[in-house]
Each structure stands twice: as C-alpha cells, then as structure tokens.
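See below for the structure under consideration.
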Amino acid sequence: MSSSTVTTWSLEQTSPADLRPAVEPAGDVRIVRAEVPSPEFSRFLYTAVGGDIQWTDRLALTYPQWREAVERPGTETWVAYEKGTPAGYVELVAQDEGAVEVMYFGLIPAFRGRRIGGHLLSYGAARAWDLADRWPGRPETKRVWLHTCSKDGPHAMDNYLRRGFRLFDTKTADEPDVMVASPWPGARA
C-alpha cells in the first residue's frame, strides 16, 4: 500500500476579538443551524465536502456512533445554503474548559471559489464564541481551535489565517493512501 507525507497544522483564536470576518458573498447565501441532529444529513455533508480531500475518519462509524457524535451536548452543525441548496458546513464541538473545536469545515466542490468559505468560517467561528449562550451550563468560550492538513484545498490555510486564527502546532506523518468513495463515480471533476 502506498503512503503520503501529510502535514497537519493546528490553529486557534484565544479571544473573540481575534476573529476577522470575511465579506458576505453576493447573492442568496444563508447559514442555518441544523437544530435537529441527523446522522444521515451529517454523513451527507461529510462525504459531499470531504470526498475529494480524503476525509475518512468517520466513514467506518456505525449509525449509533454517528448519532452519538452529532447528538453530543454542545455539538452544532451550521449549514451554508446558496439559493436553497446545501453549499457547505461547519461542525462545532464544545470541549472542556471553554474550548470549542471547529471539528469539520468545508464546501461542496461545486461551491468552492465563490467567496462562501470565508463567510461560512467567519460565521462558524462567531457561533463558536457564543456557543455557551445556546447551551445552558456550558462555560463561556475561551478558545476556538481547529486543524487543517496538506490534503485540504489550496486556499484553506489562507482562509484560516485571514479569519484571525494563529498557528500553534505542526506535525508531519506518513499516512496510507486510501480510496474515498465520492457520492457517486465521476462526481469529482
């Protein structure tokens, strides 16, 4: 089996003042919280966004495991829609001591390069900072963090840096190359 060297970068914001919002894209773009946790919808978003960049960590989850992940208190999925069509999503996961991880973030390939990603990341980071307002008993957010890797799109790191995230860790490792099923054969141009 072949492998590739993958670099993973971890980035963070430590104050709401760190967030530098992107300009909202033109047209009918809306971001809505998926308030009813749905493993089916979450898996659709995960495979539609991550299929071409080899997201694989959740593919082996059973339905109950996936449901547990999306129903965990303090977990939120925010979905960007363009003209009513899902364009991408951000999944936030509250952690101990006021940390919130941007667990997943990305756009469906057809929606990349249209200035939706910067807006969605800005909106998602802002929702991470005010997450405790929607989850009574959760501590106030003190840190928002995420990781990205060299398999992500060419504009991912720039988007994170422009939104005010700062690098705090870098790791490099060899990972086995895996075939990731796209929603259907030939879906990736």
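For this chain, numbers begin at 1 and follow the sequence in order.
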For [X], what residues pass the side-chain contact (heavy atoms from CB on, under 4.5 Å) criterion, not counting sequence neighbours?
| X | value |
| --- | --- |
| E71 | P37, R67 |
| S122 | P21, A22, R163 |
| K171 | D169 |

Which atom pair, heavy atoms only, marks the closest approach of [X] to [Y]?
| X | Y | value |
| --- | --- | --- |
| V49 | G88 | CG2-CA, 4.3 Å |
| V79 | A34 | CG2-CB, 4.5 Å |
| T141 | A128 | OG1-O, 2.8 Å |
| G98 | P139 | N-CG, 3.7 Å |
| A80 | I116 | CB-CG2, 4.2 Å |

Same cluster for [X] and [Y] if Ile/Leu/Val/Met/Phe/Trp/Tyr side chains link at under 4.5 Å?
| X | Y | result |
| --- | --- | --- |
| V144 | L161 | yes |
| Y81 | F111 | yes |
| W9 | V6 | no |
| L107 | V29 | yes |
| V102 | I53 | yes |

State, with a plain yes or no, whether a side-chain heavy atom of [X] is found less than 4.5 Å away from one of [Y].
| X | Y | value |
| --- | --- | --- |
| L19 | Q13 | yes |
| D152 | M157 | no |
| I31 | L120 | yes |

Do you see a donor-acceptor pair shorter than 3.5 Å between the side chains of [X] and [Y]?
| X | Y | value |
| --- | --- | --- |
| D174 | S3 | no |
| S15 | R143 | no |
| E82 | T85 | no |

Is the number of heavy atoms from other residues, nucleotides or ligands under 6.0 Å of [X] [atom1] greater than 12?
| X | atom1 | result |
| --- | --- | --- |
| R115 | CZ | no |
| R30 | CZ | no |
| Q65 | CD | yes |

Atom [atom1] of [X] and atom [atom2] of [Y]: how far apart are they, to the nearest 0.5 Å?
| X | Y | atom1 | atom2 | value |
| --- | --- | --- | --- | --- |
| L167 | H147 | CG | NE2 | 13.5 Å |
| L92 | R33 | CG | CZ | 9.5 Å |
| L59 | Q54 | CG | CD | 11.0 Å |
| F105 | L121 | CZ | CG | 4.5 Å |
| T77 | R127 | OG1 | CZ | 14.5 Å |
| Y89 | L45 | OH | CG | 6.0 Å |

Worksheet, complete the sentence: Quick note, ring pair (Phe, Tyr, Trp, His ring centres under 6.0 Å) partners involving residues 118-144, not counting sequence neighbours, are W78-Y123
Item to complete: Could you note down all residue pairs passing ring pair (Phe, Tyr, Trp, His ring centres under 6.0 Å) where residues 12-54 supplies at least one of them, sequence neighbours left out?
Response: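 Applying ring pair (Phe, Tyr, Trp, His ring centres under 6.0 Å) to every pair that reaches into residues 12-54, excluding sequence neighbours, yields Y46-W55, Y46-W66, Y46-Y104.
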Worksheet item: Looking at residues at least two apart in the chain, or sitting in another chain, which of them share a salt bridge (Lys or Arg N to Asp or Glu O under 4.0 Å) with E175?
Response: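 Only K151 meet the salt bridge (Lys or Arg N to Asp or Glu O under 4.0 Å) criterion with E175.
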Worksheet entry | Criterion side chain to side chain contact (heavy atoms under 4.5 Å, CB included) on L11 and W145, from CA distance to verdict | CA-CA 6 Å; L11 300 101; W145 75 283; over 6 Å; no
Fill in: R134/E76 salt bridge by N-O under 4.0 Å criterion
yes
For [Y], does its backbone N or O pair with a side-chain atom of [X] as donor and acceptor, under 3.5 Å?
| X | Y | answer |
| --- | --- | --- |
| R58 | T47 | no |
| D18 | T14 | yes |
| T7 | S150 | no |

Item to complete: Let me see the working for D133 and E140 under side chain to side chain contact (heavy atoms under 4.5 Å, CB included), right down to the final yes or no.
Response: CA-CA 8 Å; D133 296 346; E140 182 179 330; over 6 Å; no
Item to complete: Output, in order, the C-alpha distance, side-chain angles, deciding distance and verdict of side chain to side chain contact (heavy atoms under 4.5 Å, CB included) for L146 and E101.
Response: CA-CA 6 Å; L146 57 87; E101 181 178 1; 5.5 Å; no
